[in-house]
Protein chains: 2
Amino acid sequence: MAKAQADRIVHKAAWLYYTHGLRQDEVAQRLNISRASVALYLRRARESGIVTIATATYLFRGEQLSREVEDRFGLEAVWIAGEDLAADDEEAEIPPLAASVFLEMVGRGQRVGIAWGRTVYAIADVMSFADLEGVTVVQLCGNLGAPYSYRPDQCTMEIARRLNARGLNFYAPLVLSTPDLADALRDEPVIHEQLDSVSGCDLSLYSVGTLDEDSHVVKCGALTTSELAQLKTQGAAGVIAGQVIDRNGLLLDCDYNRRVISADLESLKAIPRRLLVVQEESKLEPLRAALAGGFCSHLVATATIARDLLAGD
Amino acid sequence: MAKAQADRIVHKAAWLYYTHGLRQDEVAQRLNISRASVALYLRRARESGIVTIATATYLFRGEQLSREVEDRFGLEAVWIAGEDLAADDEEAEIPPLAASVFLEMVGRGQRVGIAWGRTVYAIADVMSFADLEGVTVVQLCGNLGAPYSYRPDQCTMEIARRLNARGLNFYAPLVLSTPDLADALRDEPVIHEQLDSVSGCDLSLYSVGTLDEDSHVVKCGALTTSELAQLKTQGAAGVIAGQVIDRNGLLLDCDYNRRVISADLESLKAIPRRLLVVQEESKLEPLRAALAGGFCSHLVATATIARDLLAGD
DNA sequence: GCATTTCTTTGACATTTGCCAATCGATGTG
DNA sequence: CACATCGATTGGCAAATGTCAAAGAAATGC
C-alpha cells in the first residue's frame with residue numbers, strides 16, 4: 001500500500017508532465033512538492049516503465065539490404081543495424097535495436113520464450129522497462145553456470161522483470177552426464193510441463209551459437225573442447241537453445257544432444273514469430289543453419305552479416 | 001524519397017538521443033549539424049510518432065471505484081479520471097486519458113471502428129501520433145455536418161493519420177429523409193461492404209449520446225426538436241453510433257432509426273473490445289442504456305459518473 | 001533568369017532541467 | 001531516550017534544452 005501510494009504521486013507527476021505537457025515547476029506547484037522532487041519522480045517513472053519512451057525501428061527496415069534478405073530467405077521482417085557505420089559500431093548497435101524490436105513485438109497477454117546466450121544477455125541488459133499486462137516469459141533451455149552476470153534463469157527473470165511479466169523458470173541443468181538421466185528428468189512432470197508450454201508461445205527471442213573454441217557452450221562448460229571437435233566432424237553447424245544443429249538446421253544425432261534438456265526444436269519452429277538476433281560476423285554459418293531449419297521469422301543483424309549472407313548464397 | 005531522406009536524419013537523431021542517451025550536442029556533432037537542428041528534429045520525431053512517449057494508464061484502474069464498476073457491470077476494465085479532483089477538472093481529464101487507453105489497446109494489424117461525437121472528436125484532438133503498422137480505421141456511422149472542426153469522416157481520417165493507419169470512410173449521410181431511400185442506399189455495394197466490415201473490427205471507440213435539447217444529434221441537425229420529444233415518449237434513452245436505443249439498450253422501433261445509415265447494433269456488440277468513453281455527468285442515463293445493451297466492455301469515465309452509476313443501481 | 005515565396009538551418013539567448021550536497025524525517029537500536 | 005541509519009526531500013547552481021529572429025537554400029512563379 002505504501003508502495004502504491006508512492007507510485008501514485010510518481011504517476012501523477014508523469015501524467016501532468018508528459019501527457020498534459022506542464023513544466024516541472026507547474027507540476028511541482030500542483031502537487032505541492034519541490035521541483036527537484038518532480039525531476040526525481042519523472043526519472044523514476046521513466047526507469048520503472050510508468051512512462052515509456054520508444055523510438056520506432058521501422059527505419060532500420062527501409063533499406064535495400066533488409067528487403068533483399070527478406071526476399072531471399074522468406075522472412076517476415078529484417079532489421080539491419082548500421083549500414084553506414086564501421087563494423088565495431090555495428091555490433092554495438094545490435095542489442096539496443098533488438099531490445100526495441102522485441103518490445104515492439106511483445107503484446108499484452110502474450111507468452112514469450114527466451115533462450116540464452118551472450119547476445120540475449122546483452123539485449124536483456126539494455127532493454128527498457130515496460131508496463132505490459134498478462135505477459136509470461138518462458139525459459140527455453142536448461143540452466144548452466146555463466147561467466148557473465150546472468151545465468152539462463154536469471155536472464156529470463158530479468159526480462160520478465162523489465163516487462164512487468166511473470167517468469168517461468170526451468171529447473172534443470174542444460175546438459176546432464178548421461179542420456180538416461182536426461183530422459184528421466186524430461187519425464188518429470190514439472191519439467192515436462194515447462195517443455196510443453198513452449199509450443200504455446202506467441203513469440204521467441206534467441207540468438208544462434210557458434211561451435212568454436214571460444215564459443216558460448218564451451219566457455220560455459222556445456223561442451224569440452226574434445227567433444228566439440230568430435231561434433232564438428234559429425235557436421236555440427238550451430239547451436240540453437242543449447243542444441244547442436246547441422247547445416248540444414250536439423251538436430252544432430254549425437255550423444256551431446258541426447259543429454260541436453262531444452263525446448264524441443266519442433267516446438268521452437270512452431271512458435272509463430274521467432275526473433276533471431278545475430279551480432280557477430282563469426283556467426284554466419286550457424287545463422288545459415290538456423291535459417292535453413294526455419295528457426296527464424298524475424299531477423300536482427302548487422303549490415304556485414306546481411307551482405308555476407310547474400311554474397312555466399 | 002526526399003521525404004524518406006529527411007526522415008532518416010530525424011530518425012537517426014532520435015535514435016541516438018532517446019535510445020542511446022546521447023546529449024543534443026553530442027548528436028549534433030555525430031551528425032554534423034547544429035544543436036538547434038537536433039532540437040528541431042527531436043521535436044518532429046515526437047510529433048510524428050517516430051518517437052512515442054506514453055504514460056501508463058493502469059494507475060487509473062487501481063482504485064476501489066473502478067473495481068466496483070467492473071464487478072457490478074461485468075466489464076473487462078474501467079478507468080476512472082480524477083478521483084480527487086473537482087468535477088470540472090475531471091471532465092477535462094477524460095480525452096487525454098481515453099486517448100492513452102485507446103493507444104494502449106490498439107495493436108498492429110488490427111481493425112478499429114470509430115463512431116463519432118463531441119467526445120470522440122476531443123479524443124482525436126489530443127491523441128498523440130503512433131507508428132503502428134497495418135492498422136485500419138473504420139468509420140462506424142454515416143456523415144453529417146458538424147459545428148465542430150471534424151465531421152465523422154474527418155474524425156476517422158484524423159485518427160487514422162495519427163495512428164499511421166489506413167482510413168475507411170463511409171460515403172453516406174447519417175440520416176436520410178425516408179426509410180426507403182435509406183434501405184436503397186444500404187443495399188449499394190460500396191455501403192454494404194463498409195457495413196459488413198464492421199463486424200471484423202477488433203476494437204471500437206465511441207461515446208454514447210444524450211437526447212436533450214442541446215444534444216449532439218440535435219445540434220448537428222440529425223434530429224429536430226419535435227422528433228426528439230416524440231422519441232422520448234417512445235422510450236428513447238440514448239444514442240449509439242447515431243442510432244436511438246431504449247433503456248435496455250435495444251434499437252428503438254421508430255421512423256428515425258429506419259432512416260439512419262450506420263453500423264448495425266449487432267455488429268457493434270460483436271466487436272470483441274468496445275471502448276466506451278463518457279465525459280459529461282448528464283450522460284448517466286444513456287450510459288446505463290449502453291451498458292444494458294452490451295455496447296461496452298471497457299469504460300473510461302469520471303469519478304462522478306462512476307459514483308452515480310453505482311449509487312442508482 | 002530574376003524575384004518571390006517557402007522551407008531549413010543556425011547562432012545566441014532565455015528558460016528549463018538534472019544533479020548534488022545539505023537537510024529533514026521516519027524507523028530501528030543500544 | 002538519545003543516537004545512528006537510511007531514505008525522501010529540497011535549495012541552488014551548472015548544464016542541457018527550447019526558441020526565435022536572422023541568414024541561407026531550395027522551390028516556385030512570372
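Reminder, nothing fancy here: chain letters follow the sequence lines and each chain counts from 1.
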Q. Which nucleotide sits closest to the side chain of A:A36: D:dA8, D:dT19, D:dT10?
A. D:dT10
Q) Are the charged groups of A:E68 and A:R72 less than 4.0 angstrom apart, N to O? A) no
Separation of atom [atom1] in [X] from atom [atom2] in [N], rounded to whole Å:
X     : N      : atom1 : atom2 : result
B:D25 : D:dA14 : CG    : P     : 18 Å
A:L40 : D:dT10 : CG    : P     : 10 Å
B:L22 : D:dT17 : CG    : C1'   : 15 Å
A:Q29 : D:dT10 : CD    : C1'   : 16 Å
A:I33 : C:dC24 : CD1   : P     : 19 Å
A:L31 : D:dT10 : CG    : C1'   : 15 Å
A:R23 : D:dT19 : CZ    : P     : 11 Å
B:R43 : C:dT8  : CZ    : P     : 13 Å

Q) If we ignore angles and hydrogens, is there a donor and acceptor under 3.5 Å between the side chains of A:R273 and A:Q110? A) yes
Is [X] close enough to [N] that one of its side-chain N or O atoms is under 4.0 Å from OP1 or OP2 there?
X     : N      : value
A:S37 : D:dT9  : no
B:Q24 : D:dG18 : yes
A:Y41 : D:dA8  : no
B:Y17 : D:dT17 : yes

Q: Identify whether any heavy atom of A:R35 sits under 4.0 Å from a base atom; if not, whether one sits that close to sugar-phosphate; answer base, sugar-phosphate or nothing.
A: base
(Q) Categorize A:L42 for me: base, sugar-phosphate, or nothing, with a 4.0 angstrom heavy-atom threshold over every strand shown. (A) nothing
Q | Residue list, side chain to side chain contact (heavy atoms under 4.5 Å, CB included) with B:E104, at least two apart or on another chain | A | A:R108, A:D131, B:T57
Q: Under the side-chain hydrogen bond (donor to acceptor under 3.5 Å, both in side chains) rule, what do B:Q139 and B:W116 come out as? Steps first, then yes or no, please.
A: CA-CA 8 Å; B:Q139 184 180 338; B:W116 176 73; over 6 Å; no
**Q.** Over 12 non-hydrogen atoms of neighbours within 6.0 angstrom of CD in A:E47
**A.** yes
